[in-house]
Amino acid sequence: DYCHHKGNRKFRCCFEESGGFDRTPAIWTREQAEQIRITPQNAAPVIDFDALEPTAPDLWVWDTWPLREQDGSIAVLPGGWRVIFSLTAPRSVLPGKRHDIATIRYFYARDGQDWIPGGRVFPQEDPFGSRQWAGSAFVKDGEIFFFYTATGRRGETSVTYEQRLAFARGDVFSDLEGVLFDNWEEHVIIAEPDGEFYQTQEQSGGGIIYSFRDPWYYLDPESGCEFVLFEGNTAITPAVRECEPQNIGDGDFRSGNDVPNGAAQFNGNVGIMLLRNSDYTEWELLPAILEAECVNQQLERPHIVYSGGRYHLFIISHQFTFAPGLDGPDGLYGFVANNLFGNYVPLGEGGLVIANPPEQPFQAYSWLVLPDLSAESFVNYFNLEGLSLNEVGNQPDQYIFNHFGGVLAPTLQLTVDNLDTTIVNELAQGLVMESETQSAPFPPTCEKRRHYGD
Ligand code: FRU
């Protein structure tokens, strides 16, 4: 009935057979990553830190994503509201500790900038995990479909790092006065690493940084099938591994380049899974769409912008997660392919699309490219005067507090021309959408609730 409703033959195939989706991953090679350079096209302007507006006065705000329509466009709810979800923590905790207590809160605004805090997305006792990390959400017929990372276990007494992908579905109430989410159904764990395509925490052997997180819902406009992308690691046993030729580069490159010891431990990938039922609770893990073995450990927050018939795949990554012998800044990296499971090739310089400027190498992080190719992010550490991200953690508390942003960063406008990308403008903090679609009015059965706020 669901498939019939979509009137799309391919859509029905999504549920019945996964044939055709199990290609081998595209590869980000060492040869390609050696091309990474900071250029005038990809270097972000230095942020004017004194001019920043607080996003939420009492909260650190970092990874952020907008409420979307299923097609990926940014939702405008009845009442004219846009909504963002952010990982948040009280400003009283040291910035480095925020990951251990992250809570997803939402904010709404008509102009995409003057955000009104909506409070916690979920009642405190509902979500999986001892804390929640990044995810994605879409709205359909007055319901919200919410994906997030459940990190650790609910109620644990000391912090653990297990990561699972979780899903919850609830109702959206939106009118001239504001937006709230309520009537959440019981949360469901929709994916755990399988140890075959995706490394389990155990297999990682406490390695560099294990990841299975950041679920990003994606309705593929070409197949009509629904997917979730996520940040994973390829299932390998680090100790017994060597870099394969295909991860290094072509023959000429290989013969002239020795891969430094330790590079084989780096195994980040962009994972993908296919929706298998109409409740959004059953998903089938497929092989990764992009792997960075011997290149980078973390391809974080993967997401796709489809334009001009091509799939633009973006990830964020850190300088410290590049394998030995490679050097890339904290930045946004991108790849393009002609189909979802295609042969992704790096955009920009070796994949680099937005780099923090060398003067402020950690000024922002967690860029997310929106359908109009604007990229939002948050202000990370600034004015460190040569300290690395690891060293900043050893400074006196007051120093750390004074050098961390925890607010939305100025949005950057990108253009993409084939493989070339350029930062053409620095915009205001927040979402700055030039064009927008009005979402359909909700069904009349949605009654109004009121308990805005935390
Ligand atoms: C990126 C990230 C995400 C994760 C979150 C945890 O900034 O590492 O991958 O969900 O931060 O705070």
Side-chain angles (χ1 to χ4, degrees), residues 55 59-65 84-91 93-105 121 127-137 146-152 159-167 190-191 193 198-199 201 204 207-217 228-233 267-271 290 292 296-303 313-322 328-333 354 356 361-369 375-381 389-390 392-393 404-409:
T55 304
L59 298 170
W60 300 128
V61 167
W62 67 107
D63 294 15
T64 294
W65 58 97
I84 52 171
F85 303 96
S86 298
L87 302 190
T88 65
R91 273 185 179 254
V93 305
L94 271 169
K97 287 269 169 268
R98 72 188 194 279
H99 306 284
D100 298 348
I101 56 165
T103 301
I104 303 172
R105 289 187 166 82
V121 174
F128 284 103
S130 64
R131 68 271 193 213
Q132 292 73 43
W133 286 357
S136 59
F146 202 102
F147 303 85
Y148 64 92
T149 310
T151 307
V159 178
T160 64
Y161 289 88
E162 183 194 30
Q163 293 153 44
R164 299 175 293 165
L165 308 185
F167 171 75
I190 53 170
Y198 301 102
Q199 191 171 44
Q201 190 177 17
S204 78
I208 310 162
I209 301 176
Y210 133 92
S211 38
F212 191 77
R213 60 177 185 262
D214 302 351
W216 180 260
Y217 172 82
V228 160
L229 305 184
F230 54 89
E231 172 191 350
N233 292 104
N267 63 344
N269 69 26
V270 173
L290 179 70
N296 197 311
Q297 180 69 9
Q298 292 195 130
L299 312 187
E300 305 201 87
R301 299 193 70 196
H303 55 287
L313 169 64
F314 296 100
I315 56 113
I316 52 168
S317 203
H318 286 293
Q319 190 175 38
F320 74 86
T321 59
F322 276 96
D330 277 31
L332 174 79
Y333 292 82
I354 296 177
N356 278 332
F362 307 110
Q363 69 169 16
Y365 195 61
S366 228
W367 296 266
L368 184 77
V369 186
E376 60 89 8
S377 64
F378 76 95
V379 180
N380 202 15
Y381 292 98
L389 270 193
N390 286 338
V392 71
F404 182 73
V407 300
L408 291 178

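Note that ligands are numbered from 1 as they come in the structure, with each ligand's atoms numbered from 1 the same way.
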Write out each pair where an N or O from ligand 1 and one from the protein are under 3.5 Å apart, with the distance.
unit_1	atom_1	unit_2	atom_2	d
ligand 1	7 (O)	D63	OD1	2.9
ligand 1	7 (O)	D63	OD2	3.2
ligand 1	8 (O)	E300	OE1	2.7
ligand 1	9 (O)	R213	NE	2.8
ligand 1	9 (O)	D214	OD1	3.3
ligand 1	9 (O)	D214	OD2	2.5
ligand 1	9 (O)	E231	OE1	3.4
ligand 1	9 (O)	E300	OE1	2.8
ligand 1	10 (O)	A134	N	3.1
ligand 1	10 (O)	D214	OD1	2.6
ligand 1	11 (O)	D63	OD2	3.2
ligand 1	12 (O)	W62	NE1	2.9
ligand 1	12 (O)	H99	ND1	2.7

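In terms of the ring-ring contact (aromatic ring centres under 6.0 Å, His included) criterion, residue partners of F147 (sequence neighbours excluded) are, by chain and number, F167, Y217, W283. Under the ring-ring contact (aromatic ring centres under 6.0 Å, His included) criterion, W133 pairs with no residue at all, not counting sequence neighbours. In this structure, F128 has no ring-ring contact (aromatic ring centres under 6.0 Å, His included) partners at least two apart in sequence or on a different chain.
When each of V61, V407, D63 is tested with F378 by the rule side-chain contact (heavy atoms from CB on, under 4.5 Å), just one qualifies, namely D63.
Counting only heavy atoms from C-beta outward, the side chains of N233 and S211 approach each other to under 4.5 Å.
Residue N356 holds its CG atom at 5.0 Å from CD of Q363, rounded to the nearest 0.5 Å.
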